[in-house]
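Working notes, structure below.
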Protein chains: 2
Amino acid sequence: MADDKVTRRSRGGTGRTRLAEVARLAQVSTATVSRVFNEPAKVSDSIQQRVREAAAALHWIPNAAGRALASRRSHIAGAIIPTLDNEIFARQISGMQAVFAENGFTLLLGCSNYDPAEGLNQVQAMLAQGIEVLALVGENYPPQAFDLLRQRGIPYVLTYGFRHDSPHPCIGFDNRAAFRQIADYIVSLGHKRIAAIFQPVDANDRVVARLEGLREGLAAGGVTLRATDLHIGPSSMDFGAESLRRIMASKTRPTAIICGNDNLALGAISAALDLGFDIPNDLSITGFDDLAIVSRIAPQLTTMRVDNLEIGRLAGQQLVQAAGGGVPVQSHELRADLRLRATTSPPRSAAGATAAAGDGNDADDHKPRHQQPRAGIRTQRVEHDLQEDKKQRRAP
Amino acid sequence: MADDKVTRRSRGGTGRTRLAEVARLAQVSTATVSRVFNEPAKVSDSIQQRVREAAAALHWIPNAAGRALASRRSHIAGAIIPTLDNEIFARQISGMQAVFAENGFTLLLGCSNYDPAEGLNQVQAMLAQGIEVLALVGENYPPQAFDLLRQRGIPYVLTYGFRHDSPHPCIGFDNRAAFRQIADYIVSLGHKRIAAIFQPVDANDRVVARLEGLREGLAAGGVTLRATDLHIGPSSMDFGAESLRRIMASKTRPTAIICGNDNLALGAISAALDLGFDIPNDLSITGFDDLAIVSRIAPQLTTMRVDNLEIGRLAGQQLVQAAGGGVPVQSHELRADLRLRATTSPPRSAAGATAAAGDGNDADDHKPRHQQPRAGIRTQRVEHDLQEDKKQRRAP
DNA sequence: ATAAAGCACGTAAACGCTTACATTGCAAGT
DNA sequence: ACTTGCAATGTAAGCGTTTACGTGCTTTAT
C-alpha cells in the first residue's frame, strides 16, 4: 500500500489525435514522426511512407501550441493596421497574407483604429501569442511598441511611408517627394493660386511630410500656400466637399486644389460639380492613393498611385526572411506614380500656353521628370488596371 | 561517478522572462501567479499586489503557447474570407476583429481567393493553430471543411448570406428575398423590358439565390427575363460596362438593368453615360451592396444596403459566446435595405404614371413594403452616412 | 470543545511536441 | 579483425503554463 502512493493524474487532454498515436500506429518513436514532417531528409523512405500513412489515417493535425512550445517557433506573423475600412491598408494586408501563407506563416491581424495606445495593446497581445515577426502598417505607433519589439528581438517593419532618416526599417514611398512632385506638376501647368485640403497632421509624420513636399514644390515655383487656403480636417468626402465650398466662396479663388488623398479629392470634385464649376477648366484637382474608383468615374481623377499590394508583398518577404535566417529587415523605397487624368489642366488664363513655359517662374527645373500635360488630356484614353479584370473576380 | 549519470540537458529557453521568475521574485508558487491573472478571486489582495508588481517589474508577458497547451484554450479566433480587396468583406472583418479584441481573442486571418481548395487549406492551418472558433466569410467553402470543424467541435458560422434551410449557422441576409424586392420595385415602376448583369453563378449558392429572387419578382409582375438579356461574367466594372454596351446595342432595348452588385452597376452606368444615355430617364440601373462610393457619385446609385459591419459584429459575438459557454451559434437574418437614389425612375413611356398602378400587373401585392418612388427622385436630398464622418477618420 | 468545512496557498503532473544525446547497425578505413 | 565513422532511429528531457490534489490554518456548526 505504502508504495502505491502515486495517484494517476489525468487532465483528459484535448481529445484530438496526437503525434504519439501516429507513432504507435506506424510503430516508430515520436521523434521519428516529428522528423518526417520537419526534417524529412533524415528519415528513410520506407519509414516516411509508413508514418505519413498513419498520420493520414488518423487525420492527425499537429498541435501548434505544443510545437511552438517545444521548438520556440510559432510560425505566426503579426500585422497591425489602423483600419481595414481603407482600400490601401486592406491591399497591403492582402499582399502580405499571400506571402505569409506561401511560407507557412499564419497571419495574426490587429486594428488600432488610429489609436496609438490601442496599437500598443495589440503589440503586446501579439507578443504574447508569440509572433515571430511584425508588420506595422500605416503610421503612428507609440515608441514603446518599438522598445518591446527590439527588446525581444522581433523583426519588424513599418509600411506605407518611407523616410531615409527613419530609425526603423520601412517599406513604402517618400511622402515628401511624392507631394513635391504633385506640386511641381501643378506649378508647371501655370497655376498661380493654389489651395490645399488635407487630413489632420497632428502626430502624423507622413502628413507633415506631405505638406512639406507640397510647400517646397510650390515655393520652387514661386507660389505660396496661404494659411487661409489650407484646409485641414477629417479625411472624409464630406470634409472635402465642405472645404471646397468654403474655398470657392472666397473672393480670390484658386485655380487648383491639391488634396491630401483621394477621399478628400472625391468630395471636392463632387462639390465643385454641384456648384457648376467645370473641372478641370475652372479648377484643377489632384488626389493621392489612386483608389480603384477614381479612374472609373467622370472626370477621372489625376492622382498618385502607390502599389500597396507590392508594399505588402515586400514587407511579407522581408519579414519571412528575417524570421528564417536572422537577416535584418531591409528598407525599400517604392515609386509613387503620378497618374495624369482628367481633373487637371492649365488654368483658363494660361489656356493656350504650352505648359507654362517662361512666365518668370523657374519651375522648369523640376519638370523634366514629369510627362507633360496635353491639351486633350480630358478625352485621352486612360489606362486601365488590366490586372484587375484578369483575375476573374467572383462576386459577393 | 556511477550515480552521476544524469546529464543536465539544457535547451536554452526563449530568453523571455517566465512565470516562474515572477513567482520567485514575488516569493510565491507558480500556481499562485497563474491564479492572480486567471482567477484573481482565489488570491488574497496582499499577495495579488506583490505578484502584479513583480510581473510588471520583470515586464512579464505570458507565453501563449504554454498557456494554450496547459489550458487547452488558445484564445485565437479564425476568419477566412474570399478576399480583402472587397469593401464588404473587409468591413465584416473589421466588425469581427473589434468584438474579438474586446473579448480577449486575437484574430487569425486567412484568404481563400475564392478558391475552395485554398479555403480548406486555410481551415486546416487554423485548426493546427488551435483556433477556438471560426468565421467563414462569404460563400463556398468545401463540405470537407465543415466536417473537420464538426469533428473537432469547433463552433463556426457562415456570414454574408443567410438561408433558412442552411445546414450551417449563418449570419447575413436572404439573397433571394433581397433580389425579389429589387425586382418588385423595378416592376412597380412600370418597366416591362428588363435586363440583368450578374457575376458567375457556378458553385455559388448565393448568386443562384439572387437570380431566383429576381426571376420570381419579375414573373410576379408579368415580366420574363429572356436568356439574351442575362449577362453573366466577372464581377468587374469592365464587364459591367461591356455588358451594357452589348445590351444597348440590341434592337429591343430594355428600360431597366438589374445588376448583381455595385461593381457591375458602376461599370454599366459609366458605359451608359458614355453612350449618351440619360440615367434614369432612358435607363434605370440598380446595384447591390451600397459601396461607400455609390452614393457620392452622380448619378447616385439605387442599390441595396447590407450592414456588413453589423454582420461581422454579430458573428464575433456569437462565436465568443459559443467559445465560452458552449452555447450553440445562432443564425441571424439581417435586413437588406433598398436605397432609392437617382438611377431609377419609371420608364419614359410611363412618365406621368403614378408608379405604375393598375396596368394589369399584380405586382401591387409586393409593393407595400417599399417606399414609393417620387418623380423628383433625381434631385432629392439623399441621405448621407453621417457615421462615416463622425468617427473622425485620420488619413493615410 | 470538537469535527466539519472553508480558505489560501503550495506541489508537481500533465499539455503535445521538438531535439540533444544515446544507441544500434553497418560500411569503410587501417 | 578491429576500430572509426556515419546514418537511421530511439529515449527522454524539457518548452512555460495550468490545475488536480495536498496541506496547514482559520471559521462555523454541533
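Lettering of chains follows the sequences in order, A, B, ..., and the numbering in each one begins at 1.
With dC17(C), dC9(C), dT18(D) as the choices, the nucleotide that has an atom nearest any side-chain atom of Trp60(A) turns out to be dC17(C). Residue Arg35(A) has its side chain nearest to dA20(C) when only dC15(C), dA20(C), dG10(C) are considered. Closest to the Ala31(B) side chain, of the nucleotides dT11(C), dC17(C), dT18(D), is dT11(C).
Nucleotides of DNA chain D nearest to Arg67(B) and Gly66(A) differ in position, and the one nearer the 5' end is that of Gly66(A). Each of Thr17(A) and Val28(B) lies near DNA chain C, and the nucleotide nearest Val28(B) is the one positioned closer to the 5' end.
As a whole-Å value, the separation of Asn38(B) CG from dT18(D) P is 5 Å. Put simply, CD on Glu21(A) is 13 Å from C1' on dC15(C), counting in whole angstrom units. Per the geometry, CG belonging to Leu69(B) stands 17 Å off P belonging to dG14(D), to the nearest Å. As rounded to whole Å, 14 Å separates atom P of dT18(D) from atom CZ of Arg18(B). If you take CZ of Phe37(B) and P of dT17(D), they are 11 Å apart, rounded to a whole angstrom. Distance CZ (Arg16(B)) to P (dG14(D)): 20 Å, rounded to an integer number of Å. With rounding to whole Å, Leu19(A) atom CG is found 20 Å from dG14(D) atom P. With rounding to whole Å, Arg72(A) atom CZ is found 11 Å from dG16(D) atom C1'.
Note on Ser34(A): a base of the nucleic acid sits closer than 4.0 angstrom, heavy atoms only.
Side-chain N/O atoms of Ser71(A) include none lying less than 4.0 angstrom from OP1 or OP2 on dT18(C). OP1 or OP2 of dT9(D) has at least one side-chain nitrogen or oxygen of Ser44(A) nearer than 4.0 Å. Here Thr30(A) does not reach the OP1 or OP2 of dC17(C): none of its side-chain N or O atoms lies under 4.0 Å away. A sub-4.0 Å separation between OP1 or OP2 of dC15(C) and a side-chain N or O of Asn63(A) is absent. The shortest distance between the side-chain N/O atoms of Ser29(A) and the OP1/OP2 oxygens of dG10(D) is below 4.0 Å.
For Asn63(A) (side chain) and Ala65(A) (main-chain N/O), a donor-acceptor pair under 3.5 Å exists by modelled atom type.
Look at Glu21(B) and Arg18(B) and you find a salt bridge, because one of the NZ, NE, NH1 or NH2 atoms lies within 4.0 Å of a carboxylate O, short of that distance. Using a 4.0 Å cut-off between charged nitrogen and carboxylate oxygen, Glu310(A) and Arg313(A) count as a salt-bridge pair.
Judged as a side-chain hydrogen bond (donor to acceptor under 3.5 Å, both in side chains), and not counting sequence neighbours, Thr30(A) has no contacts.
Residue pairs meeting the ring-ring contact (aromatic ring centres under 6.0 Å, His included) criterion with at least one partner in residues 44-74 of chain B, sequence neighbours excluded, are Phe37(B)-Trp60(B).
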